[in-house]
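To keep things clear, I will list the structure first and then write my remarks on it.
Numbers here are sequence positions counted from 1.
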Amino acid sequence: MSAAGTPVENAIRRLRFEHGEMTQQALADACGITRQTVIALEAGKYAPSLELAFRIAHAFGAGVEEVFQWKR
């Protein structure tokens, strides 16, 4: 388990910058969540629901496994 408490890691920050330096707010709006949720996800303090993982992946035009990784 990571130091932040969730074994789910993600590439959200990298993907935001690869997609025209998308802001946290723009991603939040695209996914129907708050900017604070994006911040918690990027910090590894929160593991998303399956539905949210799909929403985030869709916002990047990526597969869920391109965005999220399970680290045991």
Side-chain angles (χ1 to χ4, degrees):
M1 188 176 278
S2 71
T6 178
V8 178
E9 295 181 354
N10 68 72
I12 294 172
R13 183 172 173 79
R14 177 180 58 80
L15 288 166
R16 282 195 305 105
F17 282 91
E18 289 177 1
H19 285 78
E21 297 190 17
M22 177 188 289
T23 65
Q24 291 172 332
Q25 188 62 57
L27 178 60
D29 292 345
C31 297
I33 58 177
T34 66
R35 181 173 164 266
Q36 287 76 18
T37 299
V38 174
I39 292 167
L41 285 163
E42 288 185 353
K45 295 180 179 180
Y46 173 70
S49 67
L50 183 57
E51 178 183 354
L52 180 53
F54 275 106
R55 286 184 191 181
I56 293 169
H58 180 76
F60 292 124
V64 173
E65 289 187 347
E66 294 176 68
V67 182
F68 298 96
Q69 302 79 41
W70 175 260
K71 301 295 180 188
R72 297 179 213 186

> Do you know which two heavy atoms are closest between V38 and I33, and how far apart they sit?
Replying inline: CG2-CD1, 3.7 Å
> In Å, rounded to the nearest 0.5 Å, how long is the span from CZ of F17 to CD1 of I12?
Replying inline: 13.0 Å
> Which pairs count as side chain to side chain donor-acceptor pair (under 3.5 Å) when at least one residue sits in residues 31-41, sequence neighbours excluded?
Replying inline: Q24-R35, T34-T37
> In chain order, what residues pass the ring pair (Phe, Tyr, Trp, His ring centres under 6.0 Å) check against F60, with sequence neighbours excluded?
Replying inline: H19
> With a 4.5 Å heavy-atom cut-off, do L15 and L27 have their side chains touching?
Replying inline: no
> Which atoms form the tightest heavy-atom contact between R13 and E42, and what is the distance?
Replying inline: CA-OE2, 3.7 Å
>> Between N10 and I56, does the side-chain contact (heavy atoms from CB on, under 4.5 Å) criterion hold? Intermediate values first, please.
In response: CA-CA 11 Å; N10 68 72; I56 293 169; over 6 Å; no
> Considering all heavy atoms of both residues, which atom of V67 and which atom of A62 are nearest to each other, and what is their separation?
Replying inline: CG2-CB, 4.2 Å
> Do the side chains of Y46 and V8 get nearer than 4.5 Å, heavy atoms only?
Replying inline: no
>> Tell me whether I39 shares a hydrophobic cluster with M22, the cluster being built from Ile, Leu, Val, Met, Phe, Trp, Tyr side chains joined at under 4.5 Å.
In response: no
>> Could you measure the distance from the CZ atom of F68 to the OG1 atom of T6? Nearest 0.5 Å is fine.
In response: 10.0 Å
> Is a side-chain N or O of R55 found less than 3.5 angstrom from the main chain of C31, in a donor-acceptor match?
Replying inline: yes
